[in-house]
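Numbering of residues begins at 1 and proceeds along the displayed sequence. Values reported hereafter were calculated over all heavy atoms of this structure, with side chains retained and with hydrogens, waters and symmetry mates removed.
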Amino acid sequence: MTTRSCPCGLPEAYERCCGRFHAGAAAPTAEALMRSRYSAFVQGDTGYLLRTWHPRTRPERLDPDPGMRWRGLEVLETTGGSAFHSTGTVTFRASYRGGALHERSRFERVDGAWVYVDGDFLD
């Protein structure tokens, strides 16, 4: 993989940003996990998406739409989700060709690691 900006919208190169989480490092905050999951959707990394999904709500498998083209991520609000919390939410807008997904996602810590629980679609 070449050195390029991370799909999550932060100015770091993918390898130093979300790529390190995809390679096995633990995301330190709920927002970092959400950004890394967005990047995993962009990259088509369903293994990472399933690994970072809460066991209680995780589907058996994911079948992403191969025609989906993600265009950008905007984090709108975060609550909790730091090293001092056990839960958190991240409200974001993810743009794709033809529209946008506006969601408030819920995250929890499981065995010390942040995982995605579920989310509410907004708008």
Q | Crowding at CZ, Arg104 (>12 non-hydrogen neighbours, <6.0 Å) | A | no

Q. Are Leu76 and Leu101 grouped together when hydrophobic residues (ILVMFWY) are joined by side-chain heavy atoms under 4.5 angstrom apart?
A. no

Q: Could you tell me the separation between the CD atom of Glu31 and the OG1 atom of Thr91, rounded to the nearest 0.5 Å?
A: 10.5 Å

**Q.** Any side-chain heavy-atom pair of Arg106 and Asp120 under 4.5 Å
**A.** yes

Q.
Check whether Arg58 reaches the backbone of Trp53 with its side chain - one donor and one acceptor, N or O, closer than 3.5 Å.
A. yes

Q: Carefully, step by step, assess Tyr48 and Ser36 under the rule side-chain hydrogen bond (donor to acceptor under 3.5 Å, both in side chains).
A: CA-CA 9 Å; Tyr48 180 78; Ser36 70; 2.6 Å; yes

Q. Hey, is the main chain of Val117 close enough, under 3.5 Å, to the side chain of Thr57 for a donor-acceptor pair?
A. yes

**Q.** Glu103-Ser105 side chain donor-acceptor pair, cut-off 3.5 Å
**A.** yes

Q. Linking I/L/V/M/F/W/Y whenever any side-chain heavy atoms sit under 4.5 Å apart, do Phe107 and Val115 land together?
A. no

**Q.** Gap between atom NE2 of His102 and atom OG of Ser95 - 0.5 Å precision
**A.** 11.0 Å

**Q.** Linked, directly or transitively: Leu10 and Phe92 (ILVMFWY side chains, under 4.5 Å)
**A.** no

Q. Looking at Glu108 and His54, what are the two nearest heavy atoms and their distance?
A. OE1-NE2, 3.3 Å

Q: Taking Arg37 for its side chain and Leu49 for its backbone only, find out whether a donor-acceptor pair lies under 3.5 Å.
A: yes

Q: Could you tell me which non-hydrogen atom of Tyr14 sits nearest to which non-hydrogen atom of Pro7, and how far apart they are?
A: CD1-CD, 3.9 Å

Q: Measure the shortest side-chain to side-chain distance between Leu73 and Met34 over non-hydrogen atoms and say whether it is less than 4.5 angstrom.
A: yes

Q: Indicate, with yes or no, if Met68 and Phe41 share a hydrophobic cluster defined by side-chain heavy-atom contacts under 4.5 Å among Ile, Leu, Val, Met, Phe, Trp and Tyr.
A: yes

Q | Charged N-O contact under 4.0 Å between Glu12 and Arg35 | A | no

(Q) Can you tell me how far apart CH2 (Trp114) and OG1 (Thr87) are? Round to the nearest 0.5 Å. (A) 6.0 Å

Q: Can you see which heavy atom on Ala94 is nearest to which on Trp70, and at what distance?
A: CB-CZ3, 3.7 Å

Q: Check Ser82 against Thr29 and note the closest heavy-atom contact, atom names and distance.
A: CA-CG2, 4.3 Å

Q. How close do Leu50 and Pro59 get, heavy atom to heavy atom, and via which atoms?
A. CD2-O, 3.6 Å

Q) So which heavy atom on Ala32 is nearest to which on Phe21, and how close? A) CB-CE1, 4.2 Å

